[in-house]
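Here is how names work: the chains are called A, B, and so on, in the same order as the sequence lines, proteins then strands, and each is numbered from 1. We use all heavy atoms of the structure for the numbers below, so side chains are in, but hydrogens, waters and symmetry mates are not.
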Protein chains: 2
Amino acid sequence: MTQESSMNGMGEDALVARLLAQWPQVSHPVIVGPGDDCAVIECGTTWQLLKTDAMVEGQHFTRDEEMHRVGWKAIARVQSDFAAMGGAAEALVVTIFLPSDRPLALWEKLYAGMAAAAKAHGGVLCGGETSRSPEGAGILISVAGTGRCYAEPVLRSGARNGDLLYVTGHLGGSLAGHHLDFSPRVNEGQWLAKMGFATAMMDVSDGLAKDLPRLCMQSQIGARVEENKLPLRNHATQKQAMNDGEDYELLFSVKPEHQADLESTWANDFPRTPLTKIGTCTQPSAGMSFTGGWDPFR
Amino acid sequence: MTQESSMNGMGEDALVARLLAQWPQVSHPVIVGPGDDCAVIECGTTWQLLKTDAMVEGQHFTRDEEMHRVGWKAIARVQSDFAAMGGAAEALVVTIFLPSDRPLALWEKLYAGMAAAAKAHGGVLCGGETSRSPEGAGILISVAGTGRCYAEPVLRSGARNGDLLYVTGHLGGSLAGHHLDFSPRVNEGQWLAKMGFATAMMDVSDGLAKDLPRLCMQSQIGARVEENKLPLRNHATQKQAMNDGEDYELLFSVKPEHQADLESTWANDFPRTPLTKIGTCTQPSAGMSFTGGWDPFR
């Protein structure tokens with residue numbers, strides 16, 4: 001088998017793009033389909049969001065991880081995707097594949113962690129399915145559900161040349177614990193949509209070096225990131241801030257004339273959430289660049 | 001580890017019930033939570049449905065199965081769940097875990113099968129996620145999505161003592177092919193809800209011997225099934241009709257005074273879909289019974 005004919009030779013983005021080509025274009029009532037943080041469904045005077053997300057043992061958490069934290073993360077990841085459109089979770093369903101040989105107490109902790117995240121950051125857990133894992137496989141968790149935007153959803157495609165790029169919180173070093181315990185930026189995302197500041201938005205789950213190019217591709221822009229502006233978590237390096245992933249912070253673009261207004265009202269409304277301008281949107285022909293010797297986008 | 005403390009010792013229904021006890025009761029806007037074919041969300045003058053469903057290689061399909069049929073089945077199972085509430089699919093998202101060593105052409109057939117089912121029986125495929133399967137595991141597919149009811153959803157809980165029990169189509173022998181190629185009873189389910197005939201409804205996916213007790217439990221009734229009335233698929237035996245599962249037919253209850261009206265209007269509106277009265281709802285104290293020597297409910 002050649003590399004081109006198996007999944008080994010393709011990145012996930014390329015594979016999904018190729019497979020999705022077989023699906024019909026989105027149609028009523030769906031107004032945003034694959035390619036953004038969530039799908040968007042017209043729903044009268046509000047917008048409904050639809051999302052599915054999966055976690056795999058050994059990839060998103062280790063076998064010996066505390067199950068309450070795993071449950072929290074499974075729900076918080078989806079809440080973060082809703083936040084990235086300017087919405088919040090509404091109804092959630094969960095599919096879990098469980099190896100049959102582990103103690104029941106683990107699942108009770110897993111479910112309790114999910115319930116805690118839903119209580120803290122929104123969404124009613126309203127159903128799901130529990131199946132045995134395939135022989136030899138560990139835990140797999142798929143969370144799906146609906147969210148709601150009361151202001152027009154902020155897509156990945158709205159950034160324009162000259163817009164400023166911001167991130168919330170800190171980046172890098174997430175594997176030390178943040179990736180299991182983070183609070184999704186639900187209030188901040190809803191606020192950014194309602195106030196009309198964000199021209200494009202997404203959450204940083206795979207790392208800025210992978211996620212920013214996705215926003216740029218959807219918006220058909222380039223971007224320049226300023227290396228010494230990146231807000232580093234604890235002792236993370238710039239390289240870690242670009243590549244580690246699992247930050248679950250919001251990345252968004254803002255028109256330059258709104259900079260002063262955004263920064264002053266943000267400081268007032270979210271005094272405990274750092275907000276950092278990390279760069280600028282450029283012409284698409286400029287591609288992605290980084291002010292510094294090392295190029296995280298290569 | 002004792003049986004009681006691991007998953008090996010519990011059925012799926014018991015396990016899910018125990019785990020769900022940790023979740024808060026459903027609350028606005030969710031009006032029906034775990035325990036029915038779908039969750040139900042209040043949505044103005046209509047009702048939205050939410051469902052997630054998983055398929056595992058080796059359990060719901062074999063490794064060498066034609067991938068177009070597997071894709072069709074993954075979507076049709078969810079469409080059947082929406083039909084069982086009297087609704088139809090609206091927006092669907094798909095999570096697929098793929099082993100990295102199989103040819104890309106398989107995934108293209110899988111996606112084409114999903115698109116064909118959506119085109120035939122409703123739902124816009126609007127996103128999802130593709131991940132690598134855990135080492136050693138085969139294909140796993142999780143489909144989630146929303147559906148819509150324009151008439152009040154038919155729950156599992158509405159059957160009363162004296163109501164008549166009906167099934168659509170035929171039962172048993174599904175593994176010969178029906179389980180991969182079936183057409184979900186979407187029109188029939190919507191019609192039953194709109195006409196107000198069905199007091200309770202579900203789809204038969206695990207076999208009548210497992211599914212009827214679930215309807216009875218939710219409705220707090222007993223049931224008596226007449227052995228010689230079961231509509232048998234091809235050469236299936238009564239035992240197969242009770243136990244095989246994967247029929248994806250509708251099981252529903254009807255008030256006895258509506259029998260004549262249901263049967264005549266059904267024959268007119270669905271001349272090609274068999275409709276069979278298979279038994280009667282009884283008092284809960286009567287439990288589940290079967291007119292014949294063999295007891296499929298034990």
Side-chain angles (χ1 to χ4, degrees), chain A residues 1 5-8 12 15-16 19-20 22-24 26-27 29-30 33-34 38-39 41 43-44 50-54 56-58 90-91 93-95 97-98 100-105 107-108 111-112 115 119 124-132 134-138 140 142 144-146, chain B residues 1 5-8 12 15-16 19-20 22-24 26-27 29-30 33-34 38-39 41 43-44 50-54 56-58 90-91 93-95 97-98 100-105 107-108 111-112 115 119 124-132 134-138 140 142 144-146:
Chain A
M1 191 183 302
S5 68
S6 83
M7 200 176 148
N8 276 324
E12 192 198 322
L15 174 67
V16 170
L19 294 175
L20 288 178
Q22 315 224 2
W23 285 2
V26 298
S27 58
V30 179
C38 308
I41 300 166
C43 196
L50 183 61
K51 178 68 188 180
T52 185
D53 180 75
V56 179
E57 180 178 306
E90 195 165 87
V93 288
V94 179
T95 298
F97 295 97
L98 302 176
S100 57
D101 60 349
R102 301 198 206 164
L104 254 182
W107 316 137
E108 293 177 335
Y111 271 60
K119 189 174 178 191
V124 179
L125 294 163
C126 63
E129 198 187 10
T130 303
S131 292
R132 310 286 167 106
E135 197 63 40
L140 293 99
S142 169
T146 59
Chain B
M1 190 182 301
S5 67
S6 82
M7 199 176 147
N8 276 324
E12 190 199 323
L15 173 67
V16 170
L19 295 175
L20 289 178
Q22 314 225 2
W23 285 1
V26 298
S27 59
V30 179
C38 308
I41 301 165
C43 198
L50 183 61
K51 178 68 187 178
T52 185
D53 180 75
V56 179
E57 181 178 307
E90 195 163 89
V93 288
V94 178
T95 298
F97 296 97
L98 302 176
S100 57
D101 61 348
R102 301 198 205 165
L104 254 182
W107 316 138
E108 294 176 334
Y111 271 60
K119 189 174 178 193
V124 179
L125 293 163
C126 62
E129 197 186 10
T130 303
S131 293
R132 310 285 167 111
E135 196 65 40
L140 293 97
S142 170
T146 59

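- Using a 4.5 Å cut-off between heavy atoms, Cys38(A) makes no contact with chain B at all.
- Interface summary for chain B: among Cys126(A), Gly33(A), Gly145(A), the most heavy-atom pairs under 4.5 angstrom belong to Cys126(A).
- Both the backbone and the side chain of Val93(B) come within contact range of chain A, judged by heavy atoms closer than 4.5 Å.
- Note that OG1 of Thr146(A) is 4.0 Å distant from CD1 of Ile41(B), once rounded to the nearest 0.5 Å.
- For Glu57(A), the side-chain contact (heavy atoms from CB on, under 4.5 Å) criterion is met by Phe61(A), Arg63(A), Arg102(A), Ile139(A), not counting sequence neighbours.
- Residue Leu98(B) holds its CG atom at 9.0 Å from CG of Leu104(B), rounded to the nearest 0.5 Å.
- Heavy atoms closer than 4.5 Å to chain B are found in both the backbone and the side chain of Ser27(A).
- Of the two parts of Val56(A), only the side chain, counted from C-beta on, holds a non-hydrogen atom closer than 4.5 Å to a non-hydrogen atom of chain B.
- Annotation: side-chain contact (heavy atoms from CB on, under 4.5 Å) contacts of Ala54(B) (sequence neighbours excluded): Thr95(A), Phe97(A), Glu129(A).
- Atoms CG and OG, on Asp53(A) and Ser142(A) in that order, are 7.5 Å from each other to the nearest 0.5 Å.
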